[in-house]
Amino acid sequence: MLEIKYVRQNISQVRDAMDRRGDTANIDTFEEIDQERRKILNEIEQLRHRRNVVSDEIAAMKSRGEDADSFISEMREVAARIKAFEIELAGYEEKIQEILINLPNIPHESVPFGQDENDNPVVREVGVPQTFDFEVLPHWTIGENLGILDFERAAKITGARFPLYFGAGARMERALISFMIDLHVGSHGYTETLPPFIVNSRSMTNTGQLPKFAEDLFKLEGRDYYMIPTAEVPVTNIHQQEILDENDLPFYYVAYTPCFRSEAGSYGKDTRGLIRQHQFNKVELVKFTTPETSYQELEDLLDNAETVLKLLELPYRTVLLCTGDMGFASAKTYDIEVWMPAQNRYREISSCSNFESFQARRAGIRFKRKGQKGTQLLHTLNGSGLAVGRTFAAILENFQQADGSVIVPEALRPYMGGLQKIEMTRNQ
RNA sequence: GGAGAGAUGGCCGAGUCGGCUGAAGGCGCUCGCCUGCUAAGCGAGUGUGGGGUUAACGCUCCAUCGAGGGUUCGAAUCCCUCUCUCUCCGCCA
């Protein structure tokens, strides 16, 4: 959410930013409603002032034993007028709030203009895609052949787009989670957290999933609870409505959670394999920083995520999202895309964003500077470090062998009891 | 699920037969003084959001004592609903 004062004073810049994003948010009525709102607010405040003054006078008169009936009946009328104005004001505030809550973040000046993902500049490519002297198979075929993935049975249990891992596959998924968390905690200074996987609508609104993107979420029937689509939601909300001390910043958190997404509107896309599931695992990095450091922190966070791919020896590239491809709450986003040999293309495996004060304002996350009065909104950032299911898929495809087996990346072997290769065996 | 207790400023904690309490006191923090340094001591200041005004410092008004609603001229204080926390019982991994 943007600050109402900012919108008021920079209405053309805001409109321009919406255009660059290709967002259809309607701020045409903002100025008019805002003015009306302030006019009424003024009236109310004057009446309330009158009421406060006279009420004190009434108290004084009564204590002196004087008759205050005429004041009381006047105030009875004032109270009624206040109430009428308050109802009117609430209507305007609701409208203003609706406009503000649906306004996306303003892209940072370093974000290039563009329509969609085709306009995202590549920042760097790391690693060289391997050449295979046999026909490369998609990861779902590899996984099913090895007996470590079973989409058919998963569909029986639940439905389409749910994963079921067996044996060395289940173990590798778990190993990836541990490997990533240990790396970020041990080498990058993050604090491990294990948050709730279900959150309330307030938390969802704070990070920007609600109200605009409700159809992407799984909601618990009859309750104000939602399954998290990313750990970003519960972890960012850890400090909801808190005033933090500048000396304690920055906070770095890493959290493993499953993620649940309805994937409404993606019918027919990535129907096979682990790329697009209703439930998948992800290790998420979240930062709370001061405004002046947040862009350096974004670069560092991005580097932390890329390190996972480097250690796993997976080729990838990093792209900077253009204005038209960014998420609602983000001011700047990098995507990391891993090489998928069977698709002969790069696929998103991490998304690292700086939200500046957008989420902090909604969530009321502020900090105090030493020697300075008042509080200030801090900046929140997050990024996948990494999406585990897609990492799993990338390993199967990049490390597949002619005989159908899959080499386990060296960095992962300590987490798999030293297993070097996943082969067709009965009890792995 | 049943019974009870509670929710106040960065933190702790007063305040209920409604009215000079935006809120005592303490801690913390900031600034100043003082002690050779440290510790202690002394003095002053110190919530948040919004409106008006100002070039700015500031001044002023309104709101805010878990959330929402009600009673009243007036509510932190009375009533209702909800949320959360704690204690006991039941149930349960």
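Order of the sequence lines fixes the chain letters, A, B, ..., with proteins taken first and strands second; residue numbering starts at 1 for each chain.
The separation between A:Gln46 atom CD and B:A63 atom C1' is 16 Å, rounded to whole Å. The separation between A:Ile44 atom CD1 and B:G49 atom P is 21 Å, rounded to whole Å. Spacing between atom CG of A:Asp248 and atom C1' of B:G10 amounts to 12 Å, rounded to whole angstrom units. Going from atom NE2 of A:His239 over to atom C1' of B:G10 covers 15 Å, rounded to whole Å. Whole-Å rounding puts the A:Met61 CE to B:C20 C1' distance at 17 Å. The CG atom of A:Asp56 sits 12 Å away from the C1' atom of B:U21 (whole-angstrom rounding). For the pair A:Lys368 NZ and B:C11 P, the interatomic distance rounds to 10 Å; values are reported in whole Å. Atom-to-atom, CD of A:Glu246 to P of B:U30 comes out at 12 Å; the value is rounded to the nearest Å.
Using P as the reference atom, B:C42 and B:G26 are 11 Å apart when rounded to the nearest Å. With both ends at atom C1', the span from B:U81 to B:C88 equals 26 Å, rounded to whole Å. Across the C1' atoms, B:U8 and B:U64 are found 11 Å apart, a figure rounded to whole Å. Atom C1' of B:C57 sits at a distance of 36 Å from the matching atom of B:A14, rounded to the whole Å. Comparing the P positions of B:U16 and B:A7 gives an interatomic distance of 12 Å, to the nearest angstrom. Nucleotides B:A67 and B:G51 are separated by 24 Å at their C1' atoms, to the nearest Å. For the P atoms, the distance from B:A40 to B:C31 is 16 Å, rounded to whole Å. Nucleotides B:G22 and B:C61, compared at atom C1', are 15 Å apart to the nearest Å.
Under the 6.0 Å cut-off for aromatic ring centres, A:Phe260 and A:Phe197 do not qualify, their centroids lying 6.0 Å or more apart.
Legend: residues meeting ring-ring contact (aromatic ring centres under 6.0 Å, His included) with A:His379, ordered by chain and number and at least two apart, are absent. The side chain to side chain donor-acceptor pair (under 3.5 Å) search around A:Tyr253 returns A:His239, not counting sequence neighbours. For A:Asp16, the salt bridge (charged side-chain N to carboxylate O under 4.0 Å, His left out) partners at least two apart in sequence or on another chain are A:Arg20. Residues passing the salt bridge (charged side-chain N to carboxylate O under 4.0 Å, His left out) test with A:Glu45: none are found, sequence neighbours excluded. With sequence neighbours left out, the ring-ring contact (aromatic ring centres under 6.0 Å, His included) criterion links A:Tyr252 to A:Tyr190. For A:Asp150, the side chain to side chain donor-acceptor pair (under 3.5 Å) partners are A:Arg153, not counting sequence neighbours. Partners of A:Glu246 by side chain to side chain donor-acceptor pair (under 3.5 Å), not counting sequence neighbours, listed by chain and number: A:Arg369. Partners of A:Ser405 by side chain to side chain donor-acceptor pair (under 3.5 Å), not counting sequence neighbours, listed by chain and number: A:Asp403.
For B:C61, the OP1/OP2 oxygens have no side-chain nitrogen or oxygen of A:His49 closer than 4.0 Å.
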List, one per line, each side-chain donor-acceptor pair under 3.5 Å for residues 206-220 of chain A, sequence neighbours excluded.
from: A:Asn206; atom 1: ND2; to: A:Arg202; atom 2: O; distance (Å): 3.4
from: A:Asn206; atom 1: ND2; to: A:Asn237; atom 2: OD1; distance (Å): 2.9
from: A:Thr207; atom 1: OG1; to: A:Ser203; atom 2: O; distance (Å): 3.1
from: A:Thr207; atom 1: OG1; to: A:Gln209; atom 2: OE1; distance (Å): 2.6
from: A:Lys219; atom 1: NZ; to: A:Arg223; atom 2: O; distance (Å): 2.4

Short N/O separations, protein against nucleotides 50-55 of chain B, under 3.5 angstrom:
from: B:G50; atom 1: N2; to: A:Glu45; atom 2: OE1; distance (Å): 3.4
from: B:G50; atom 1: N2; to: A:Glu45; atom 2: OE2; distance (Å): 3.2
from: B:G51; atom 1: OP1; to: A:Arg8; atom 2: NH2; distance (Å): 2.5
from: B:G51; atom 1: O2'; to: A:Asn42; atom 2: ND2; distance (Å): 3.2
from: B:G52; atom 1: OP1; to: A:Arg38; atom 2: NH1; distance (Å): 2.8

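In this structure, A:Asn52 reaches the sugar-phosphate backbone alone: every heavy-atom distance under 4.0 Å involves primed, P, OP1 or OP2 atoms, never a base.
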Review point. Stepwise, does the salt bridge (Lys or Arg N to Asp or Glu O under 4.0 Å) test hold for A:Arg161 with A:Glu263?
Key: CA-CA 9 Å; A:Arg161 295 197 192 279; A:Glu263 295 297 343; over 6 Å; no

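To the nearest 0.5 Å, the span separating CG on A:Leu412 from CE on A:Met180 amounts to 8.5 Å.
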Exercise for review: Convert the base pairs of RNA chain B into dot-bracket notation, remembering that pairs crossing earlier ones are written with [ ] and that bases paired across to another strand are shown as |; include only Watson-Crick or G-U pairs under 3.5 Å.
Suggested key: ((((((((.[[[..)...(.....]]]((((((.......))))))(((((((....))))))).[[[[[..)....]]]]])))))))....

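The pair A:Lys95-A:Glu32 does not count as a salt bridge, with every side-chain nitrogen at least 4.0 angstrom from each carboxylate oxygen.
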Review point. What string of B, S and - do you get for nucleotides 69-83 of chain B 5' to 3' if you count protein non-hydrogen atoms under 4.0 Å?
Key: --S-BS---------

